[in-house]
Amino acid sequence: MSDDQPETPYLELLARGAPAEAYERPVLRARAEGASAARLAALERAKLLALRVRGELEGRRRREAELSALFETAHDLAGLRDLDAVLQAIVQRARSLLGTEVAYLTLNDPRAGDTYMRVTDGSVSARFQQLRLGMGEGLGGLVAQTARPYVTESYFDDERFQHTRTIDAGVTDEGLVAILGVPLMLGSGVIGVLFAADRRARVFEREQLALLGSFAAHAAVAIDTANLLAETRSALAELEAANEIIRDRSEVIERASEVHDRLTELVLRGGGVHDVAAAVAEVLSGTVEFVEAHTAPAAAVDRSRADGHAVRHGEDWIAAVSASGELFGALVLRGHPRLDPMDQRTLERAAVVTSLLQLARRSADEAEQRVRGELLDDLLDAPDREPRLLRERAARLRADLDAPHVVLAAGIDAPGAAPGAAGGGGPGGPGGASGGVSGSGSGEPGNGPRARSAGPPPDEAADRQRLWSAATHLAATRHGLAAARDGGTVLLLPLADGEGADALARRTARQLGTAVHAAVTVGASAPVSAPAARPGEVASAYAEARRCLDALRVLGRGGQGAAAEDFGFLGLLLAGSRDGTGDAARVAGFVDRTIGAVVDYDARRGTDLVRTLDAYFASGMSPARTKDELHVHVNTVAQRLERVGRLLGPDWQSPSRALEVQLALRLHGLASAVAR
């Protein structure tokens, strides 16, 4: 190698992308070979120049990667479909390019006056992922308040921020040390903050702050675009509906009125629901059928009922049949995928006439339903009745009380109603007084011999009447019994082969909710094998159903149906075994449903997920303290917890799920100890 070509070895190092420390070797080699001072000086100059070129090349590559990520983000915004997906991609790219262990994004809540965690990447702490920061609190609160970026090499040693116990606890759980935060700006206002953070001390460079600021600008655009799209879609929908009404109004009214007169004449001549359907089928040259509420397409019926018009459902048209807030069913027109406005109005008029016929039929049925209510009242209040007489009375109502039945307690959920309020949630067992109604002998709200003079408010009474009407209709079609009781409704329905009490409760809640167009909560008892042979069990089953109903409301699950088995560990308390058996099986079933997947995984793979869960909860759900308890690295804890999340589902750390998981772990540990 000649003295006039000192750059040659450095060109080779640049060509193969050698690390920075390799650039010292040519100088060291020349010094060892006794090179002249001029040669060494030339090599030193070439080395410095090569290192400068290498730095420029690395900067360009890094800039290319940053520009590529920003381009991909802009591309995501151009085809924006899912705001969550775009924000998640922005946070992931920011974390990758800045080389941080964690990245996250918070949004301001103007109503609450604070900012909350929206998207995270790399986070393992449940407490951290649920943080809310007041304006000015912590680094993020300060960024949100001042609209300026802030960076700290060591968060807990930095006195510029207002430290609070809640925020510091979340940051400690996540193990964060160095944090960089930049504001998300829309115009001159701040809507949130984008963060990059490490679990070790680190100095963030100015270029990294600028890069994170670029991602923050993209995130703000994504949020603003999503809001504008939502507002645009809403405005277009309103304009389309108004235009449709203007276009169809004149001719529809005239022809619909003529058809309505014909249908009215048909009813006056004594026609029935199916006669109306046949007449409409003739007018529209298609097939028209009346279907019950529980068999009609629910979504289409809800749309029809909401706007008062027939709606298209696939190749059919659906017109809801309802009156006084109660849904009877629907008229279905088949064979007309394209229905003009006049014929649509004809179908709607027919639905109105059909609802009048249904109301007339309902009046005739109510006498029979009162008899059903009296029989159910006797089963609840007088369990010593002669079984033979009970069977005879049930036979006249086409009910078989020797078959398995389930007792269901149902109530309409009024907004803000607490457990025990009117609507079926009051305390007290069968026959007790609650909400102004107590086991009325006729089964009709407010009309029985024990109804109090001070009744419920008018709206409440109307809700109860609608629920009672829907329940008695359902009981008649299912060959069961129904009665108004304790501010709500109680049903005794037969259990179909292969059907569980929980499935029957959910189905009943849907059917009653559809019929009354309101949220109806239904609690179910365990099956009663033969109510006629053991009438005393009906009262106990009703008490169990009421406990399930109250539990649903306490847990914020109004509008659903459930039996004791649906409540996890709470179901162990609600079930109240009537025969004194099955407790061990219920406990084992609860453990298996809750953490069975984790226990099986440990058994198959020889892993320590169950022990990790025990340590995690014992350490206050802190990965940092869990790794000390297990004597492993925090990344090992994070990997195990991610595996648990895949086995138990993403919500396993939510308060209700976490409580069940901890109880299941205790019960599993006790069972294992006993087995040893």
Side-chain angles (χ1 to χ4, degrees), residues 84-85 88 91-92 95 100-105 116-131 166 169-176 197-199 555 565-572 586-676:
D84 286 338
Q88 188 67 53
V91 171
Q92 289 173 346
R95 176 192 175 193
T100 58
E101 295 172 293
V102 182
Y104 50 100
L105 182 148
Y116 64 94
M117 200 71 69
R118 181 68 163 79
V119 181
T120 66
D121 188 61
S123 170
V124 297
S125 169
R127 179 184 298 180
F128 181 77
Q129 294 166 13
Q130 298 169 3
L131 273 182
T166 301
V171 174
T172 300
D173 269 5
E174 194 62 57
L176 300 182
D198 262 335
R199 297 186 176 96
L555 296 175
E565 60 197 75
D566 290 318
F567 290 95
F569 74 91
L570 183 58
L572 303 178
R586 285 197 301 274
V587 170
F590 164 70
V591 172
D592 185 63
R593 288 192 303 271
T594 307
I595 61 169
V598 175
V599 174
D600 292 343
Y601 189 89
D602 276 353
R604 291 195 313 270
R605 303 291 184 90
T607 53
D608 256 351
L609 297 185
V610 171
R611 191 163 71 92
T612 301
L613 274 176
D614 273 326
Y616 181 59
F617 286 118
S619 302
M621 302 175 73
S622 166
R625 292 195 292 271
T626 303
K627 60 100 174 173
D628 295 335
E629 176 72 19
L630 297 176
H631 305 292
V632 298
H633 195 273
V634 69
N635 288 340
T636 302
V637 174
Q639 291 168 3
R640 292 181 182 179
L641 294 178
E642 288 179 357
R643 171 64 63 183
V644 169
R646 287 195 290 271
L647 292 171
L648 299 185
D651 65 337
W652 71 276
Q653 295 190 79
S654 65
S656 60
R657 284 289 308 279
L659 179 60
E660 291 194 355
V661 170
Q662 291 180 71
L663 179 59
L665 287 169
R666 293 292 182 89
L667 295 173
H668 174 69
L670 290 173
S672 300
V674 172
R676 290 196 297 269

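The figures here come from the full heavy-atom set of this structure, side chains too, leaving out hydrogens, waters and symmetry mates. These numbers were taken from a predicted model, which means no experiment stands behind them.
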Peer 1: Could you walk me through whether L659 and L663 pass side chain to side chain contact (heavy atoms under 4.5 Å, CB included), step by step?
Peer 2: CA-CA 6 Å; L659 179 60; L663 179 59; 5.8 Å; no
Peer 1: Please tell me whether D173 and S622 have a donor and an acceptor in their side chains that are separated by less than 3.5 angstrom.
Peer 2: yes
Peer 1: Indicate yes or no: does R199 engage E174 in a salt bridge with an N to O separation below 4.0 Å.
Peer 2: yes
Peer 1: Counting distance only, does the side-chain N/O of T100 pair as donor-acceptor with the main-chain N or O of V102 below 3.5 Å?
Peer 2: yes
Peer 1: Between T612 and R640, does any side-chain donor sit less than 3.5 Å from a side-chain acceptor?
Peer 2: yes
Peer 1: Please report the interatomic distance OG1(T594) to CG(L648), rounded to the nearest 0.5 Å.
Peer 2: 9.0 Å
Peer 1: Measuring from R593:CZ to E660:CD, what's the distance to the nearest 0.5 Å?
Peer 2: 9.0 Å
Peer 1: Between D602 and R611, does at least one N-O distance fall below 4.0 Å, as a salt bridge requires?
Peer 2: no
Peer 1: Mind checking ring pair (Phe, Tyr, Trp, His ring centres under 6.0 Å) for F128 and listing every partner two or more places apart, or none if nothing turns up?
Peer 2: Y104
Peer 1: Roughly how far, to the nearest 0.5 Å, is NE2 of H633 from NZ of K627?
Peer 2: 7.5 Å
Peer 1: Report the C-alpha distance between R95 and Q92 in whole Å, list the side-chain angles of each, state the deciding distance to 0.1 Å, and finish with yes or no for side chain to side chain contact (heavy atoms under 4.5 Å, CB included).
Peer 2: CA-CA 5 Å; R95 176 192 175 193; Q92 289 173 346; 5.8 Å; no
Peer 1: Please find the pair of heavy atoms, one from F617 and one from A658, that lie closest to each other, and give the distance.
Peer 2: CE2-CB, 4.0 Å
Peer 1: Heavy atoms only: give me the nearest A169-R127 pair and the separation to one decimal.
Peer 2: CB-NH1, 3.2 Å
Peer 1: Looking just at side-chain N and O atoms, do T120 and Q129 make a donor-acceptor pair shorter than 3.5 Å?
Peer 2: no
Peer 1: What distance do R605 atom CZ and D600 atom CG have between them, rounded to the nearest 0.5 Å?
Peer 2: 12.0 Å
Peer 1: Testing the basics here: between E629 and S619, what is the closest heavy-atom pair and its distance to 0.1 Å?
Peer 2: CB-OG, 4.3 Å
Peer 1: Is there side-chain contact between R646 and E642, with heavy atoms separated by less than 4.5 Å?
Peer 2: yes
Peer 1: What pair of heavy atoms forms the shortest contact from V124 to A638, and how long is it?
Peer 2: CG1-CB, 3.4 Å
Peer 1: Return the CG to CG distance between D614 and L630, rounded to the nearest 0.5 Å.
Peer 2: 9.5 Å
Peer 1: When you look at L665 and V610, which way does the side chain to side chain contact (heavy atoms under 4.5 Å, CB included) test go after all the steps?
Peer 2: CA-CA 8 Å; L665 287 169; V610 171; 3.9 Å; yes
Peer 1: What's the verdict on side chain to side chain contact (heavy atoms under 4.5 Å, CB included) for I595 and V661, showing C-alpha distance, side-chain angles and the deciding distance?
Peer 2: CA-CA 7 Å; I595 61 169; V661 170; 4.0 Å; yes
Peer 1: To the nearest 0.5 Å, how far apart are OH in Y616 and CG in L609?
Peer 2: 14.0 Å
